[in-house]
Amino acid sequence: MSNRRATTFSPLQLDSQLCFSLYSAQLAMTKVYRKLLADLGLTYPQYLVMLVLWEADGVTVSQIGERLFLDSATLTPLLKRLEAAGLVQRQRATEDERQVVVSLTAEGRALKRKAGAVPEAIFCATGCELDELVDLKSRLDGLRERLTRSA
């Protein structure tokens with residue numbers, strides 16, 4: 001929360017909103033990523049897709065969507081831009097033509113090496129200790145799971 005804390009808690013004050021703290025932290029994080037990813041020619045959402053593919057190449061659009069909590073209508077334009085950049089290729093699955101399989105190109109695989117410095121730079125930008133970040137991530141993952149169940 002900001003330094004402008006009210007002397008009494010009010011649920012309708014901006015600084016009392018958990019969602020605003022999450023939103024503004026996400027904006028700040030994305031701003032740091034934007035600078036780092038510019039050298040890679042990636043946007044933050046494209047970087048997330050590449051992370052999924054660097055973990056497991058040759059996955060379906062729906063599998064990527066499940067990992068990133070995104071639907072195919074959001075993913076398709078991202079994947080088209082990554083394909084136009086020569087980083088991925090999309091093909092209909094031979095066993096089920098309704099599914100599209102996304103695979104890294106040689107250039108997409110090579111980009112992983114360049115991206116290796118990004119996590120360390122983000123870690124440094126947070127100014128946090130490793131155990132603090134591990135705890136924060138775990139707590140946020142738990143919050144996301146509970147919110148997903150209640151939605």
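In what follows, residues are counted from 1 in the order of the sequence shown.
- Residues A73 and P77 come closest through the heavy atom pair O-CD, 3.2 Å.
- Considering only heavy atoms from C-beta on, L82 comes within 4.5 Å of M50 through its side chain.
- Annotation for F123 and E129: closest pair CE1-C, 4.0 Å, computed over non-hydrogen atoms.
- E145 and T148 are not linked by any side-chain donor-acceptor pair at a separation below 3.5 angstrom, with hydrogens and angles left out of the test.
- For the atom pair CG of L22 and CZ of R144, the computed distance is 12.0 Å after rounding to the nearest 0.5 Å.
- With rounding to the nearest 0.5 angstrom, the CG atom of L87 is 11.0 Å from the CG atom of L79.
- Here OG1 of T60 is found 12.0 Å from CZ of R98. Values are rounded to the nearest 0.5 Å.
- By the 4.5 Å heavy-atom criterion applied to side chains, L48 and L70 are not counted as neighbours.
- Remark: E83 engages R90 in a salt bridge, criterion side-chain N to carboxylate O under 4.0 Å.
- A donor-acceptor contact closer than 3.5 angstrom links the side chains of Q26 and T30.
- The OG1 atom of T74 sits 13.0 Å away from atom CD1 of I64, with the distance rounded to the nearest 0.5 Å.
- T43 and L78 make their closest contact through OG1-CD2, 4.5 Å (heavy atoms, listed as atom of the first residue, atom of the second, distance).
- The number of heavy atoms from other shown groups lying within 6.0 Å of OH (Y23) does not exceed 12.
- Distance alone, capped at 3.5 Å, is enough to place a donor-acceptor pair between the W54 side chain and the G108 backbone.
- Linking ILVMFWY residues whenever their side-chain heavy atoms come closer than 4.5 Å, directly or via other members, places L140 and L147 in the same cluster.
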Practice prompt. Kindly indicate, with the supporting measurements, whether the criterion side chain to side chain contact (heavy atoms under 4.5 Å, CB included) is fulfilled by V102 and V61.
Written response: CA-CA 7 Å; V102 183; V61 172; 3.8 Å; yes
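- We find the CZ-CD distance between R92 and Q99 to be 10.0 Å, quoted to the nearest 0.5 Å.
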Worksheet item: Run the side chain to side chain contact (heavy atoms under 4.5 Å, CB included) check on V100 and Q91 step by step: do they pass?
Response: CA-CA 5 Å; V100 175; Q91 291 183 316; over 6 Å; no
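- The nearest pair of heavy atoms linking Y47 to L42 is CA-CD1, 4.1 Å.
- D71 CG to S62 OG: the interatomic distance, rounded to the nearest 0.5 Å, is 12.0 Å.
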Practice prompt. Might you work through the side chain to side chain contact (heavy atoms under 4.5 Å, CB included) test for L18 and L143, ending with a clear yes or no?
Written response: CA-CA 11 Å; L18 172 63; L143 176 62; 4.2 Å; yes
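- Of all heavy-atom pairs between R109 and L104, the closest is NH1-O, 3.0 Å.
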Practice prompt. Go through the steps to decide whether I122 and M29 satisfy the test side chain to side chain contact (heavy atoms under 4.5 Å, CB included), and finish with yes or no.
Written response: CA-CA 8 Å; I122 293 295; M29 179 72 81; 3.8 Å; yes
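- The two residues G58 and S103 have their closest heavy-atom pair at CA-OG, 3.6 Å.
- When only modelled atom types and interatomic distance are considered, D141 and S138 share no side-chain donor-acceptor pair under 3.5 Å.
- Distance alone, capped at 3.5 Å, places no donor-acceptor pair between the R139 side chain and the D135 backbone.
- Q17 places a side-chain N or O within donor-acceptor distance of the main-chain N or O of P11, the cut-off being under 3.5 Å.
- Cluster membership check: V101 does not share its hydrophobic cluster with V52, using side-chain heavy-atom separations under 4.5 Å among Ile, Leu, Val, Met, Phe, Trp and Tyr.
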